[in-house]
Amino acid sequence: RLEIERDVVVIGAGPAGLMAARTLKKAGRSVAVLEARPRVGGRTWNGKVADAQGREHFIEIGGQWISPDQTRLIELVDELGLETFPRYREGTSIYVSPDGTRHEYEGTTFPASEKTQAEMDQLIATLDQLAAEIGAEEPWAHPKAAELDAISFREWLKQQSDDQEAIDNVSIYVASGMLTKPSHTFSTLQAVLMAASAGSFSNLVDEDFILDRRVEGGMQSVSLKLAEELGEDVILDSPVRTLEWATPDESTADPLNHVPADVRNGVDNDGGPGSVTACSDRAVVRARYAVLAVPPNLYERISYVPPLPREQQIVHQHLSMGLVIKVHAVYETPFWREEGLSGTGFGGGRLVQEVYDNTNYGANFAGGQAGQEDPFGTLVGFVSDVYAEQMWKLSPQERQHAILSAMADYLGPKTMEPIAFYLSDMAAEEWTRGAYATSYDLGGLSRWGHLQNQPTGPIHYACSDIAAEGYQHVDGAIRQGEIAAQRIIERG
Ligand code: FAD
């Protein structure tokens with residue numbers, strides 16, 4: 001194994017870890033980034049799928065869209081010399097109502113009955129108000145935090161409205177659409193955080209806003225470019241198994257926690273950073289600080305010596321991954337466009353609750369040319385939470401048939417005949433274990449949220465899942481990486 005000494009060891013080469021390393025290096029600190037996988041990018045991943053003729057089509061297995069509020073990511077994309085392109089959205093969209101009826105509509109408002117629409121508007125307005133009042137920075141500190149964290153989003157919606165369709169539609173935006181958990185499993189405070197982090201609940205509802213642009217060459221290109229800058233400081237195939245850490249003044253250690261009280265509370269102690277030793281499969285890195293840039297559900301995959309303080313050990317157990325399968329279906333042409341359809345489809349409570357045109361732009365794989373749209377058409381669909389679980393029980397053929405049939409409810413029978421089909425299920429990935437991100441169980445955010453960003457002695461945490469702005473998104477990961485690096489730089 002390599003033996004390395006650096007100022008800071010970063011664990012995880014997703015967008016958060018790479019951004020932390022870049023910021024530290026620019027400030028003159030030496031870094032090493034240890035990454036478990038044989039690639040960088042974490043939950044962003046450029047892939048390809050071959051058709052029967054052996055032509056390879058570009059797909060984005062993980063995160064891909066950027067919304068206009070994600071300003072830090074937009075700046076970074078520009079700084080790295082990457083281009084973006086807008087999601088195709090011309091033409092009519094499809095809404096499938098609970099009774100299975102298919103409706104065509106324009107704009108971003110579902111064609112529900114007038115009463116349902118009025119109920120939805122009312123719910124959205126109330127959630128907008130809560131998001132503005134509570135904000136994304138410290139939702140746990142708001143006077144209404146405990147009350148809103150004690151009630152599931154589903155129960156809260158039921159208290160506000162007796163219109164089932166309105167409840168189902170509004171819940172999609174956060175439940176299957178974002179946290180990828182059923183709406184009875186997370187709190188209203190958690191839903192408000194999701195909305196506040198994107199600017200408002202109305203922004204979550206507006207797919208033209210939330211799914212605005214993509215990076216030419218794929219979102220993983222952001223991480224690939226950052227890693228290129230870092231060069232040999234990024235070490236792949238190196239899962240960190242053990243993290244030894246010490247604070248400078250062991251004599252003040254609390255016998256219950258082995259950690260001085262001021263460090264436990266996230267306050268720097270006078271003696272400076274202490275030290276860390278990260279032991280991975282390929283390298284042992286000794287440093288003054290560590291940035292733990294992995295999703296919170298994986299924190300406990302690492303053995304800490306000594307153990308982390310009790311507060312952190314408890315917090316980590318209340319954060320769990322959502323579950324969603326992302327589906328790509330590739331066609332010879334974007335046939336739906338010829339029929340005047342945008343490719344967008346929604347249906348609350350259906351196997352595939354969202355479908356979009358995901359046709360590529362630029363020279364990636366088969367047919368694509370720089371500055372031009374790919375001639376092949378691609379659709380992307382999402383199978384969320386309990387529906388994803390149902391899919392596990394099927395054979396690959398049955399699964400493909402069930403998902404394509406559900407997509408055909410929106411875009412017609414031609415949807416059943418893709419030339420290539422790919423399912424990405426990060427629940428099967430050892431170094432992610434779900435998608436899109438982690439969130440708290442009922443009551444967890446108000447109780448434990450204030451601790452999630454507190455450093456433990458020399459260990460700082462950075463991940464999209466503990467972000468305020470850009471929460472659960474690449475933008476939040478980038479911001480978190482920068483914040484962790486900045487805090488370390490300030491500590492000296
Ligand atoms: P990650 O990307 O998870 O990176 C963490 C890294 O740590 C990984 O590379 C992992 O391998 C590594 N690691 C874990 N444990 C260890 C260990 N012990 N030792 C060393 N390394 C370790 N976001 C958007 O902005 N827009 C979208 O459209 C979008 N869609 C998504 C679709 C899917 C299917 C998924 C899965 C995510 C999506 N996201 C989207 C979310 C986005 O991808 C994440 O928010 C972002 O990647 C988080 O970055 P991160 O660096 O915090 O964590």
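For ligands, and for the atoms within them, numbers begin at 1 and follow the listed sequence. Because only heavy atoms are used, hydrogens play no part in the values below, and waters and symmetry mates are left out as well, while side chains stay in.
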Discussion item. With no hydrogens and no angle check, just 3.5 Å: does a side-chain donor-acceptor pair link H316 and Q312?
Written reply: yes
Worksheet item: Quick one: do the T456 and Y461 side chains pair a donor with an acceptor below 3.5 Å?
Response: yes
Fill in: Heavy-atom neighbours of E207 CD exceed 12 at 6.0 Å
yes
Discussion item. Within the supplied structure, the quantity of interest is the number of heavy atoms (other residues, nucleotides, ligands) at a distance under 6.0 Å from K25 NZ; does it exceed 12?
Written reply: yes
Would you mind writing out a table of all protein N or O atoms found under 3.5 Å from any N or O atom of ligand 1, naming both atoms and giving the distance to 0.1 Å?
{"from": "ligand 1", "atom 1": "2 (O)", "to": "R43", "atom 2": "N", "distance (Å)": "2.8"}
{"from": "ligand 1", "atom 1": "3 (O)", "to": "R43", "atom 2": "NE", "distance (Å)": "2.7"}
{"from": "ligand 1", "atom 1": "3 (O)", "to": "R43", "atom 2": "NH2", "distance (Å)": "3.3"}
{"from": "ligand 1", "atom 1": "9 (O)", "to": "E35", "atom 2": "OE1", "distance (Å)": "2.7"}
{"from": "ligand 1", "atom 1": "9 (O)", "to": "E35", "atom 2": "OE2", "distance (Å)": "3.1"}
{"from": "ligand 1", "atom 1": "9 (O)", "to": "G42", "atom 2": "N", "distance (Å)": "3.4"}
{"from": "ligand 1", "atom 1": "11 (O)", "to": "E35", "atom 2": "OE2", "distance (Å)": "2.6"}
{"from": "ligand 1", "atom 1": "11 (O)", "to": "R37", "atom 2": "NH1", "distance (Å)": "2.9"}
{"from": "ligand 1", "atom 1": "18 (N)", "to": "V240", "atom 2": "O", "distance (Å)": "3.3"}
{"from": "ligand 1", "atom 1": "19 (N)", "to": "V240", "atom 2": "N", "distance (Å)": "2.9"}
{"from": "ligand 1", "atom 1": "21 (N)", "to": "A36", "atom 2": "N", "distance (Å)": "3.1"}
{"from": "ligand 1", "atom 1": "25 (O)", "to": "V474", "atom 2": "N", "distance (Å)": "2.9"}
{"from": "ligand 1", "atom 1": "26 (N)", "to": "W65", "atom 2": "O", "distance (Å)": "3.0"}
{"from": "ligand 1", "atom 1": "28 (O)", "to": "Q64", "atom 2": "N", "distance (Å)": "3.1"}
{"from": "ligand 1", "atom 1": "28 (O)", "to": "W65", "atom 2": "N", "distance (Å)": "2.9"}
{"from": "ligand 1", "atom 1": "43 (O)", "to": "R43", "atom 2": "O", "distance (Å)": "3.3"}
{"from": "ligand 1", "atom 1": "45 (O)", "to": "S464", "atom 2": "OG", "distance (Å)": "2.8"}
{"from": "ligand 1", "atom 1": "45 (O)", "to": "Q472", "atom 2": "O", "distance (Å)": "3.3"}
{"from": "ligand 1", "atom 1": "51 (O)", "to": "P15", "atom 2": "N", "distance (Å)": "3.2"}
{"from": "ligand 1", "atom 1": "51 (O)", "to": "A16", "atom 2": "N", "distance (Å)": "2.9"}
{"from": "ligand 1", "atom 1": "52 (O)", "to": "S464", "atom 2": "N", "distance (Å)": "3.0"}
{"from": "ligand 1", "atom 1": "53 (O)", "to": "R43", "atom 2": "NH2", "distance (Å)": "3.1"}

Fill in: Nearest-0.5 Å distance that lies between atom CD in E300 and atom CD in Q313
6.0 Å
Worksheet item: Hey, does the side chain of K181 reach the backbone of S439 with a donor-acceptor pair shorter than 3.5 angstrom?
Response: yes
